[in-house]
Amino acid sequence: MARIIGGVTSSHIPAVGNAIANNQTQEPYWKRFFDGYKPAQAWLREKKPDVAIVVYNDHGLNFFLDKIPTFALGCADVYHNADEGWALKPVAPFKGDAQFSWHIAESLVSQEFDICTCQDMKVDHGFVNPIRALYGTHDVWPVTTIPLAVNTVQHPVPTAQRCYKLGQALRQAIESYTEDLSVVVFGTGGLSHQLQGERAGLIDVEFDLDCMDKIANDPLWMTRFSNADLMRRAGTEGIETIMWLVMRGTLQSNVKVIHKHYHAPISNTGAGVLVLENYG
Amino acid sequence: MSWIKHDYDDIPGTYVFDGKHAHGAYPLNKLLFSLNDATNRESFERDPAAYCDTHGVSGSYKELVLEKDFLGMLRAGANIYYLAKMAVPRGVSVQAAGARFQGISTQEFQAKLLAKGDGLAQRLAMREGFWNG
């Protein structure tokens, strides 16, 4: 049976990909941010999960505003990165696992999560950059991936509570798959930031640190926030943090906190890395 | 017919991208989305006004595009991630755009961001278990 070994969180900001591509990770501005990934990288090297389910939001590469699914699951054997308008060189394609994806889709729908299934899905920086930060850049990626896109771009976006419940349903979906696979779930994006409007530049360090502690040890705390309250505290783009709850929902109630790293500011955000491990 | 009010409407300096914004600015966002394609970026660069015309962006929306008025476009309903597809290739980073939204220089905006990290080590030390805390 497939089993979930744990969950990892990561920022997915474009600047992370640029810093890696331009070999800037040891420059003073970036060093502490990237050094804080090393324990997470070591954990992944040791545990060697077969599959990473990456929870992220699309920023206008695969989806346009004509059709915005609230939740969308990649159901393909390969996922391509592409130009998002900035003329950056796309990274190597990612290997998927269509059979596993379709099982997850069937299980989620049977649990009343009526997700959108995608057989052709381009993956943008939201998906790519956490993988690069956690595994380095590769021509052949060392892990099979399944993208799970959450709409955090065009409101109405799902609530924190709904994301947590999706995670719980995803756990059941994964654990009911008959193949012997080890699975890790990445919750990406966040933490507090606002890119738009006169309020741009918002970062709330104390709220970010609360979120990290609570998501690890008391995730229901975060499910009680409305999206309006989350945006008030964490900024309009900080709403992405709801995706961490999808990851958290896939794990046991009590988890082992392997690693907890916070840095601010990085680009326009507060950034957090959590490594949470399920018990035996 | 009217747009209903939301409890996020009173967040200052904030334009939550919802139906009200997405509806009116649909052609503008479609134009911005088209800039994912390098050939389209070249066409837009060559003749922005003609590009607006062929993409159904007219009136006040077209004026905002031609003036590269990023705050104006945002207020008119452009999505910030889509706006970045126009801004970034023109040398306007997201931070530079943020500075424009506030009417300050990019350096001032960046200094304000950096100040958010003041005292980080002490803050982390007051909590349990943070790496390098």
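What's counted below: heavy atoms across the whole structure, side chains too, no hydrogens, waters or symmetry copies. Letters A, B, ... mirror the listed sequences (proteins, then strands); counts begin at 1.
Across all non-hydrogen atoms, the minimal contact from A:Gly85 to B:Pro89 is O-CG, 3.1 Å. In terms of heavy atoms, B:Tyr81 sits closest to A:Glu240 at OH-OE2, 3.3 Å. When all heavy atoms of B:Phe101 and A:Ala200 are compared, the closest pair comes out as CD1-CB, 4.2 Å. Nearest heavy atoms, A:Tyr29 versus B:Leu114: CE1-CD2, 4.0 Å. Of all heavy-atom pairs between A:Met231 and B:Tyr8, the closest is CE-CD2, 3.8 Å. Across all their heavy atoms, B:Ile11 and A:Ala228 have their closest contact at CD1-O, 4.0 Å.
Using a 4.5 Å cut-off between heavy atoms, A:His259 touches chain B through its side chain atoms alone. Within the 4.5 angstrom heavy-atom criterion, only side-chain atoms of A:Gln194, from C-beta onward, approach chain B. Using a 4.5 Å cut-off between heavy atoms, B:Arg100 makes no contact with chain A at all. With a threshold of 4.5 angstrom between heavy atoms, A:Pro14 does not approach chain B through any atom at all. In this structure, chain A has heavy atoms under 4.5 Å from both the backbone and the side chain of B:Tyr15. With a 4.5 angstrom heavy-atom cutoff, B:Leu113 touches chain A via backbone and side-chain atoms both.
Between the side chain of A:Gln154 and the backbone N or O of B:Gly19, no donor-acceptor pair lies under 3.5 Å. Between the side chain of B:Gln102 and the main chain of A:Glu198, a donor-acceptor pair closer than 3.5 Å is present. A donor-acceptor contact shorter than 3.5 Å links the side chain of A:Lys260 to the backbone of B:Glu128.
For the atom pair A:Phe64 CZ and B:Ser34 OG, the distance stands at 9.0 Å (nearest 0.5 Å). The distance from the CG atom of B:Leu124 to the CE atom of A:Met212 is 9.0 Å, given to the nearest 0.5 Å. Taken from NZ in B:Lys30 to CG in A:Asp66, the straight-line distance is 7.0 Å, to the nearest 0.5 Å. Note that CH2 of A:Trp86 is 6.5 Å distant from NZ of B:Lys85, once rounded to the nearest 0.5 Å.
Here the two rings, on A:Phe63 and B:Phe33, have centers that are 6.0 Å apart or farther.
Listed options A:Asp229, A:Asp210, A:Asp204, A:Asn227 were ranked by heavy-atom pairs under 4.5 angstrom with chain B; first place goes to A:Asp210. The greatest number of non-hydrogen atom pairs below 4.5 Å with chain B, out of A:Thr236, A:Val157, A:Leu61, is found for A:Leu61. The greatest number of non-hydrogen atom pairs below 4.5 Å with chain B, out of A:Leu202, A:Val257, A:Val153, is found for A:Val153. For the set B:Leu32, B:Asn29, B:Asp9, B:Leu83, the entry with the most heavy-atom pairs within less than 4.5 Å of chain A is B:Asn29. By number of non-hydrogen pairs under 4.5 angstrom with chain B, the leading residue of A:Ala264, A:Gly235, A:Gly36 is A:Gly36. With chain B as the partner, the residue from A:Gln196, A:His59, A:Arg199 showing the most heavy-atom pairs under 4.5 Å is A:Gln196. For the options B:Leu74, B:Asn40, B:Thr14, heavy-atom pairs under 4.5 Å to chain A are most numerous at B:Thr14. Between chain A and the residues B:Val16, B:Asn79, B:Asp37, the largest count of heavy-atom pairs under 4.5 Å involves B:Val16.
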> Taking it one step at a time, do B:Trp131 and A:His263 satisfy side chain to side chain contact (heavy atoms under 4.5 Å, CB included)?
Replying inline: CA-CA 10 Å; B:Trp131 175 84; A:His263 190 75; over 6 Å; no
> Should A:Arg32 and B:Leu120 be marked as a side chain to side chain contact (heavy atoms under 4.5 Å, CB included) after you check the CA-CA gap, both sets of side-chain angles, and the distance that decides it?
Replying inline: CA-CA 12 Å; A:Arg32 187 177 181 281; B:Leu120 181 63; 4.0 Å; yes
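Using a 4.5 Å heavy-atom threshold, the side chains of A:His261 and B:Asn132 count as separate. Between B:Met126 and A:Leu209, every side-chain heavy-atom pair lies at or beyond the 4.5 Å cut-off. Side-chain contact between A:Arg232 and B:Asp10: present, with at least one pair of heavy atoms (C-beta onward) separated by less than 4.5 Å. You'll find the side chain of A:Glu84 stays beyond 4.5 Å of the side chain of B:Val88, heavy atoms only.
Among B:Gln110, B:Lys116, B:Gln95, the one residue that satisfies the side-chain hydrogen bond (donor to acceptor under 3.5 Å, both in side chains) test with A:Asn268 is B:Gln95.
Remark: B:Arg41 engages A:Asp83 in a salt bridge, criterion side-chain N to carboxylate O under 4.0 Å.
More than 12 heavy atoms of other shown residues, nucleotides or ligands fall within 6.0 angstrom of atom CG in B:Asp47.
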